[in-house]
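Structure first, then comments.
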Amino acid sequence: MAKNWYPIIDYDKCTGCFECVEFCPHGVLAKKDGKAKVVDKDACVEFCRGCQRGSCEFDAITYFNE
Ligand code: SF4
Ligand code: SF4
């Protein structure tokens, strides 16, 4: 089943702090090529917003389908 909710990172705003990678308990985000990347869309919990509200101080996270 296609996943319809997962983070989208705006790399113009992202500072590479990796707080979101540390924050998400579901392994959706990981450090890859020196950047925070979405590596497991399917593991993201629909309408969670945890990484946006709980970790990113730079307004760099929005969600697909919001
Ligand atoms: S929205 Fe929630 S489950 Fe999805 S990546 Fe962010 S913290 Fe993880
Ligand atoms: S918390 Fe925000 S600024 Fe930091 S790596 Fe994640 S998206 Fe980028």
Side-chain angles (χ1 to χ4, degrees):
M1 195 177 84
K3 192 71 188 179
N4 60 7
W5 181 265
Y6 52 85
I8 292 173
I9 297 172
D10 179 345
Y11 291 107
D12 288 336
K13 293 181 178 173
C14 177
T15 63
C17 70
F18 300 123
E19 288 293 325
C20 55
V21 175
E22 304 297 330
F23 182 91
C24 179
H26 303 286
V28 176
L29 299 150
K31 297 177 193 179
K32 212 173 172 186
D33 302 326
K35 289 186 171 182
K37 294 257 173 82
V38 176
V39 294
D40 191 356
K41 290 176 182 174
D42 288 353
C44 187
V45 178
E46 205 161 10
F47 307 123
C48 165
R49 292 187 189 276
C51 48
Q52 181 189 57
R53 292 183 174 159
S55 70
C56 190
E57 296 176 17
F58 304 97
D59 196 28
I61 297 176
T62 55
Y63 297 93
F64 179 78
N65 230 6
E66 77 176 335

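The structure displayed is predicted, hence computed values, not measured ones. For ligands, and for the atoms within them, numbers begin at 1 and follow the listed sequence.
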Taking only heavy atoms of [X] into account, list the atoms of ligand 1 that are under 4.0 Å away from them.
| X | value |
| --- | --- |
| Y63 | 1 (S) |
| R49 | 1 (S) |
| V28 | 5 (S) |
| H26 | 3 (S) |

What protein heavy atom lies closest to [atom]? Include the residue and the distance to one decimal.
| atom | result |
| --- | --- |
| atom 7 (S) of ligand 2 | I61 CG1, 3.7 Å |
| atom 6 (Fe) of ligand 2 | C20 SG, 2.3 Å |
| atom 8 (Fe) of ligand 2 | C14 SG, 2.3 Å |
| atom 4 (Fe) of ligand 2 | C17 SG, 2.3 Å |
| atom 3 (S) of ligand 1 | V45 N, 3.4 Å |

**Complete:** For A36, the ligand 2 atoms with a heavy-atom partner under 4.0 Å come out as 5 (S)

**Message:** Under 4.0 Å from a heavy atom of F58: which atoms of ligand 2 are those, numbered in the order shown and with their elements?
**Reply:** 3 (S)

Identify the heavy atoms of [X] and [Y] that sit nearest to each other, and give their distance.
| X | Y | answer |
| --- | --- | --- |
| Q52 | I61 | NE2-O, 2.9 Å |
| V39 | K32 | CG1-CD, 4.1 Å |
| V45 | H26 | CG2-NE2, 3.6 Å |
| D40 | G27 | CB-O, 3.7 Å |

**Item:** F18 contact mode with ligand 2 (heavy-atom cut-off under 4.0 Å)
**Value:** backbone

**Request:** Would you kindly specify which portion of V21 sits under 4.0 Å from ligand 2, judged on non-hydrogen atoms: side chain, backbone, both or neither?
**Result:** neither

**Request:** Measure centre to centre between the rings of F47 and W5, then say whether the value is under 6.0 Å.
**Result:** yes

**Prompt:** Does a sphere of radius 6.0 Å around CD in E57 hold more than 12 heavy atoms from other residues, nucleotides or ligands, not counting ones at 6.0 Å or beyond?
**Reply:** no

**Complete:** Looking at A43, C48, G27, the heavy atom closest to atom 2 (Fe) of ligand 1 belongs to C48

**Message:** With a cut-off of 2.8 Å, does C56 put an N/O/S atom close enough to atom 2 (Fe) of ligand 2?
**Reply:** yes

**Item:** Residue portion contacting ligand 1 (non-hydrogen atoms closer than 4.0 Å) for C44
**Value:** both

**Asked** Do C56 and C51 touch side chain to side chain, with heavy atoms closer than 4.5 Å?
**Response** no

**Verdict with reasoning, V38 to I8, per side chain to side chain contact (heavy atoms under 4.5 Å, CB included)** = CA-CA 8 Å; V38 176; I8 292 173; over 6 Å; no

**Message:** Is there a side chain to side chain contact (heavy atoms under 4.5 Å, CB included) between S55 and C20? Walk through the geometry before answering.
**Reply:** CA-CA 5 Å; S55 70; C20 55; 3.6 Å; yes

**Prompt:** For the side chain of D10 and the backbone of D12, is there at least one donor-acceptor N/O pair under 3.5 Å apart?
**Reply:** yes

